[in-house]
Amino acid sequence: MSEAATERIVKDRSKLRVAAGSGLLLILAVAVWFQRDIVTGALRESRALPATAIVLLVLLALYERWSRADIVRRLLGDPIGIGTAVTVHDVGTAVSKGVPMGGALGTAMRWTIVRDSGVSAARFTTMLFAYGIATTFVSWLLPFAALLVDLTRRSADATDILILTAIALVVIASAVFWVLTLRSDRLEAWTGARLRAIWLRLAPRVPSLGAHDPAVGLAEVRTELHAIVRNPAVLLLRTAAAQACGSLILLVALRGVGVGDELGLTEFFRVFFLTHLLGTFAPTPGGVGVVEAGMTGALVAAGVGTEQALASVIVYRFLTYVLPIASGAALWAWWRVARKGDESARLASGPDPCDDGSRGPADVDASRVV
């Protein structure tokens, strides 16, 4: 298949995804209009949260952001501090959640930040892969564990067995795929040859690429991922703790609006993690609309009142969806202002004799894109 045909297929898929997301948002907007009385009641419920619940929710939301940023910091290593890691994480999250098909732009913006901190392209790529793989595995393993715990209190039915089997197959297949991929020297050689071919085509347009060998970077990424795979427990546990913190935010919101014994803890965690997993397949940015509808419907099916369920989900999504977008946008603006100030100071002090003008292999300056 030619490169032009491949690009056309990718563009068609992107258009289809955007169209599907737009259509879904339109359907949800119509549904909200017809259920506006329930939505109004839910907003009224959310405003009645007690002060202790609000304080706890804020602390949990801050911890969730810090824990995810700390994972990024540990994967990137020195000289990245927690402040830069928060900026890197929140900026990428804001773009991926707030912009349709914003993953590539979010990656470019993250790279622009970490590159200025002296992080190599190979280490940055390792972080992206490791963080993404760990998040994927945890997103499947948490509902599996929650369902198993829930089944200690009731008998399993055919649906439970089907869900457990499907999750187990996905996790096992993913683990086998990544182990074989990282162990394959032939695959590394094949991928390195293809990357070199692409590099040669791009080099006339981007001269800085000529100073870098992509195959060397690929070998570095593979070596670093190997080291992580040998001891993945710490990364998986930290990722699980960050995701579990999101469930606690919703649980506190539910208790704050008066939901009690009608929703047991084991049933709540089963509902949350299963709907969270399904929300990752939503065609809208960050699952907006789909997650709210699915989670509210699942809570109502579990015995929670409609207005209470919707009020809790609104609070949960505000803290885990709206605030990260606002935080990421603010941190990006702050970083650009600080960067311009540093550049002005360097220009005023004269050129750096140690600076040869070379750049990294992924020199897409996102500050010029946005």
Side-chain angles (χ1 to χ4, degrees), residues 17-18 20-22 24-29 31-32 39 42-43 45-47 49 53-54 56-69 71-72 86-103 105-106 109-110 131-132 135-136 138-139 142 239 241-254 256-257 268 271-299 308-333:
R17 186 179 177 89
V18 171
S22 301
L24 187 56
L25 285 176
L26 179 60
I27 293 172
L28 290 171
V32 168
V39 174
L43 292 174
E45 289 272 3
S46 64
R47 288 198 297 267
L49 282 169
I54 294 175
L56 187 54
L57 286 168
V58 171
L59 291 176
L60 285 171
L62 291 175
Y63 173 78
E64 184 197 26
R65 282 184 58 219
W66 175 86
S67 61
R68 293 183 184 277
I71 295 171
V72 172
V86 170
T87 303
V88 170
H89 176 269
D90 282 12
V91 167
T93 300
V95 177
S96 62
K97 287 186 175 183
V99 179
M101 309 298 293
L105 178 60
M109 294 169 73
R110 286 176 171 180
Y131 187 89
T135 300
T136 301
V138 168
S139 295
L142 283 179
T239 307
Q243 288 200 19
C245 187
S247 68
L248 294 179
I249 292 174
L250 180 58
L251 181 61
V252 171
L254 284 164
V257 298
F268 163 76
V271 168
F272 176 86
F273 288 121
L274 284 174
T275 53
H276 182 272
L277 174 61
L278 294 175
T280 60
F281 297 99
T284 54
V288 62
V290 179
V291 171
E292 290 82 358
M295 201 165 281
T296 301
L299 289 172
Q308 290 176 312
L310 183 57
S312 303
V313 172
I314 289 173
V315 172
Y316 163 74
R317 290 292 278 173
F318 176 77
L319 292 174
T320 61
Y321 180 80
V322 177
L323 278 187
I325 292 177
S327 172
L331 287 172
W332 174 251

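FYI, the numbering just counts along the sequence from 1.
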Next item on the list: Indicate yes or no: at least one non-hydrogen side-chain atom of Val86 is less than 4.5 angstrom from one of Trp66.
Entry: no
Check: Taking the side chain as C-beta and beyond, is there a heavy-atom pair between Arg317 and Ile249 under 4.5 Å?
Finding: no
Check: What are the two closest non-hydrogen atoms of Pro324 and Ala94, and how far apart are they?
Finding: O-CB, 3.9 Å
Next item on the list: With the side chain counted from C-beta on, respond yes when Leu277 and Phe273 share a heavy-atom pair under 4.5 Å apart, and no when they do not.
Entry: no
Next item on the list: Start with the C-alpha distance between Met109 and Leu105, add both sets of side-chain angles, then the distance that settles side chain to side chain contact (heavy atoms under 4.5 Å, CB included), and finish with yes or no.
Entry: CA-CA 6 Å; Met109 294 169 73; Leu105 178 60; 3.9 Å; yes
Checklist line | Gap between atom OH of Tyr131 and atom NE2 of His89 - 0.5 Å precision | finding: 3.5 Å
Check: Going from CG on Leu59 to CD1 on Ile54, what distance comes out if it is rounded to the nearest 0.5 angstrom?
Finding: 12.0 Å
Check: Rounded to the nearest 0.5 Å, how far apart are OG1 of Thr275 and CG of Leu299?
Finding: 7.0 Å
Check: What pair of heavy atoms forms the shortest contact from Cys245 to Tyr63, and how long is it?
Finding: SG-CD2, 3.6 Å
Check: Closest approach of Ala311 and Val257, non-hydrogen atoms and distance?
Finding: CB-CG1, 4.3 Å
Margin query: To check you understand the geometry: which heavy-atom pair defines the closest contact between Thr239 and Thr135, and what is its length?
Written below: CG2-CA, 3.9 Å
Notebook entry, point to check: Quick one: does His276's side chain get under 4.5 Å of Gln243's, heavy atoms only?
Noted result: yes
Note to self: Could you tell me if the side chain of Leu60 sits less than 4.5 Å from the side chain of Glu64, heavy atoms only?
What the structure shows: no
Check: Passes side chain to side chain contact (heavy atoms under 4.5 Å, CB included), Phe272 versus Leu251? Steps please.
Finding: CA-CA 9 Å; Phe272 176 86; Leu251 181 61; over 6 Å; no
Next item on the list: Indicate the atoms forming the closest heavy-atom contact of Gly92 with Arg110, along with that distance.
Entry: CA-NE, 3.1 Å
Margin query: I need the minimum non-hydrogen distance between Ser67 and Ala242, along with the two atoms involved.
Written below: OG-CB, 3.4 Å
Next item on the list: Nearest 0.5 Å please: distance from the CG atom of Leu248 over to the CG atom of Leu57.
Entry: 10.5 Å
Item checked: Atom pair CG/OG1 of Leu323 and Thr93 - distance to nearest 0.5 Å -> 12.5 Å
